[in-house]
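Because the structure is a prediction, the values reported are computed rather than measured.
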Protein chains: 2
Amino acid sequence: MGRGKIEIKRIENTSNRQVTYSKRKNGIIKKAKEITVLCDANVSLVIYGSSGKMYEYCSPKTNLIDMLDRYQRLSGNKLWDAKHENLQNEIDRIKKENESMQIELRHLKGEDITSLNYEELIAYEDALENGLTNIREKKASLFFIN
Amino acid sequence: MGRGKIEIKRIENTSNRQVTYSKRKNGIIKKAKEITVLCDANVSLVIYGSSGKMYEYCSPKTNLIDMLDRYQRLSGNKLWDAKHENLQNEIDRIKKENESMQIELRHLKGEDITSLNYEELIAYEDALENGLTNIREKKASLFFIN
DNA sequence: AGGGCTATGTATAATGA
DNA sequence: TTCATTATACATAGCCC
């Protein structure tokens with residue numbers, strides 16, 4: 001476009017290449033913004049040239065992280081490294097631990113026990129009696145210490 | 001461009017919007033490829049519309065992960081580091097929750113109670129008695145149900 | 001490096017099949 | 001609906017500052 005047609009191949013003249021880069025970069029960013037508004041689309045665009053300077057555009061309704069999250073889910077490609085997976089796994093593991101402790105705590109307080117069978121009830125009874133004994137011993141011992 | 005000028009605002013007609021989206025998406029991808037070749041640039045482009053289907057273009061010399069790594073370094077914006085931090089915060093939060101539940105459980109079992117004061121001991125004693133009452137009631141009720 | 005200017009090539013909105 | 005077609009609007013290559 002412009003005064004002459006050009007082939008789509010690397011522009012050898014450095015300054016021409018630089019100028020064209022700058023112009024076209026702006027063009028692409030403009031197009032990205034337009035499609036965002038016109039079509040309710042989400043666009044994430046990261047672009048850099050040989051100068052190393054980088055430009056980014058991301059549609060307003062979202063952000064790069066969400067875009068990439070979505071990209072990962074839809075494409076199946078892994079972007080975040082193993083570290084993230086590990087962190088996520090750890091969270092899952094701790095959450096499970098957490099949940100079972102919460103259940104145990106509730107049971108010890110005599111809550112949510114309708115589903116417990118006789119053996120489980122006995123086990124909790126024993127645990128509670130045991131705890132009670134220990135607590136009472138400790139309580140009693142306070143009088144001797146002071 | 002085309003038969004009439006259009007304002008850059010959301011196209012209300014759904015099928016028009018869909019058609020325009022598709023055309024412009026291809027246009028942007030084409031432009032992205034061109035600037036890549038012409039100017040030796042690196043481009044990462046992720047785009048999706050209301051259909052949910054997602055397109056991605058990334059210049060051949062690189063890949064999304066490298067682009068984003070570079071983006072992080074140059075822009076100073078945290079990307080997966082932000083995500084990483086969020087995960088770490090969640091882990092810390094859950095771990096704290098976890099720990100306090102573990103302490104409570106141990107206390108209820110009469111363990112690690114040397115540091116407890118008299119009031120705390122009374123509170124645990126009450127809780128245990130309460131739990132025991134509930135458990136025993138439930139236990140007793142089993143005989144009536146069967 | 002930008003910024004402005006055309007002439008020209010492209011992208012595309014509207015239309016029709 | 002999805003394709004061609006086509007008239008227009010837009011983007012931009014080559015210039016000059």
Side-chain angles (χ1 to χ4, degrees), chain A residues 1-62 64 67 70-71 74-75, chain B residues 1-62 64 67 70-77:
Chain A
M1 323 144 206
R3 299 301 182 85
K5 181 170 182 166
I6 58 163
E7 260 187 285
I8 302 303
K9 66 172 194 181
R10 186 187 141 99
I11 297 169
E12 294 302 335
N13 181 301
T14 304
S15 77
N16 278 358
R17 190 170 64 241
Q18 182 55 42
V19 170
T20 296
Y21 168 70
S22 174
K23 287 182 175 180
R24 281 177 173 258
K25 172 175 59 58
N26 292 336
I28 292 181
I29 290 172
K30 185 179 175 194
K31 291 282 187 193
K33 286 179 181 170
E34 288 181 352
I35 200 174
T36 292
V37 175
L38 287 171
C39 310
D40 240 3
N42 292 91
V43 181
S44 146
L45 177 68
V46 181
I47 177 171
Y48 66 93
S50 39
S51 79
K53 191 162 181 186
M54 175 169 286
Y55 285 86
E56 183 227 352
Y57 171 73
C58 191
S59 32
K61 279 181 303 189
T62 182
L64 213 36
M67 289 289 297
R70 195 185 172 88
Y71 169 74
L74 293 179
S75 71
Chain B
M1 320 144 205
R3 297 299 183 83
K5 181 171 183 166
I6 59 162
E7 260 187 284
I8 302 303
K9 66 172 192 180
R10 186 188 139 98
I11 297 169
E12 293 303 335
N13 181 300
T14 305
S15 74
N16 279 358
R17 191 169 63 243
Q18 183 54 43
V19 170
T20 296
Y21 169 69
S22 173
K23 286 181 176 182
R24 281 176 173 261
K25 173 174 60 58
N26 292 336
I28 291 181
I29 290 172
K30 184 179 176 193
K31 292 282 187 194
K33 288 179 181 172
E34 288 181 353
I35 200 174
T36 293
V37 174
L38 287 171
C39 311
D40 240 0
N42 291 91
V43 180
S44 144
L45 176 67
V46 181
I47 176 170
Y48 66 93
S50 38
S51 77
K53 190 162 180 186
M54 173 169 286
Y55 284 86
E56 182 226 353
Y57 170 72
C58 191
S59 32
K61 279 182 304 189
T62 183
L64 211 36
M67 289 290 296
R70 197 186 171 86
Y71 170 75
Q72 286 187 97
R73 272 184 288 111
L74 292 179
S75 71
N77 281 7

Between [X] ([atom1]) and [N] ([atom2]), how many Å, whole number?
X	N	atom1	atom2	result
A/N16	D/dC16	CG	C1'	14 Å
B/I28	D/dA11	CD1	P	11 Å
A/N26	C/dG2	CG	C1'	11 Å
B/Q18	D/dT2	CD	P	8 Å
B/I29	C/dT12	CD1	P	11 Å
A/R24	C/dA11	CZ	C1'	12 Å
A/E7	D/dG14	CD	C1'	17 Å
A/K25	D/dA11	NZ	P	15 Å

TODO: Using only heavy-atom distances, decide whether a donor-acceptor pair under 3.5 angstrom links the side-chain of A/K23 to the base of D/dG14.
DONE: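 When only heavy-atom distances are counted, A/K23 does reach the base of D/dG14 through a donor-acceptor pair under 3.5 Å.
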
Open item on the list: Whether the side chain of A/K31 and the base of D/dA11 hold a donor-acceptor pair under 3.5 Å is what I'd like checked.
Closed with: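 Checked by distance alone, the answer is no.
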
TODO: On DNA chain D, check which nucleotide each of A/I11 and B/R3 is closest to and give me the residue with the more 5' one.
DONE: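 Nearer the 5' end of the strand: B/R3.
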
TODO: Assign B/T20 to base, sugar-phosphate, or nothing according to its heavy-atom contacts below 4.0 angstrom with the strands shown.
DONE: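 The residue B/T20 makes sugar-phosphate contact but no base contact.
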
Task: Gap separating the NZ atom of A/K25 from the OG atom of A/S22, nearest 0.5 angstrom - done: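 Atom-to-atom, A/K25:NZ and A/S22:OG are 5.0 Å apart.
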
TODO: Please determine if a side-chain N or O atom of A/K5 lies less than 4.0 Å away from the OP1 or OP2 oxygen of C/dT8.
DONE: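 No.
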
Open item on the list: One pair to check against side-chain hydrogen bond (donor to acceptor under 3.5 Å, both in side chains): B/N42 and B/S44. What are the steps and the verdict?
Closed with: CA-CA 7 Å; B/N42 291 91; B/S44 144; over 6 Å; no

Open item on the list: Let's go through B/L38 and A/I6 carefully: what are the C-alpha distance in whole Å and the side-chain angles of both, what is the deciding distance for side-chain contact (heavy atoms from CB on, under 4.5 Å) to 0.1 Å, and is it a yes or a no?
Closed with: CA-CA 10 Å; B/L38 287 171; A/I6 58 163; 3.9 Å; yes

TODO: Ignoring the backbone of B/I6, work out which of D/dG14, C/dA13, D/dT1 is nearest its side chain.
DONE: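 Within the option list, the nearest is C/dA13.
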
Task: Whether over 12 other heavy atoms sit under 6.0 Å from B/K5 NZ - done: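 No, the 6.0 Å shell around NZ holds no more than 12 heavy atoms from other groups.
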
Open item on the list: Judged by each residue's nearest nucleotide on DNA chain C, which is more toward the 5′ side, A/G4 or B/G4?
Closed with: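 So the residue in question is A/G4.
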
- [ ] Given side-chain contact (heavy atoms from CB on, under 4.5 Å), test A/K33 with A/K30 step by step and report yes or no.
- [x] CA-CA 5 Å; A/K33 286 179 181 170; A/K30 185 179 175 194; 5.8 Å; no

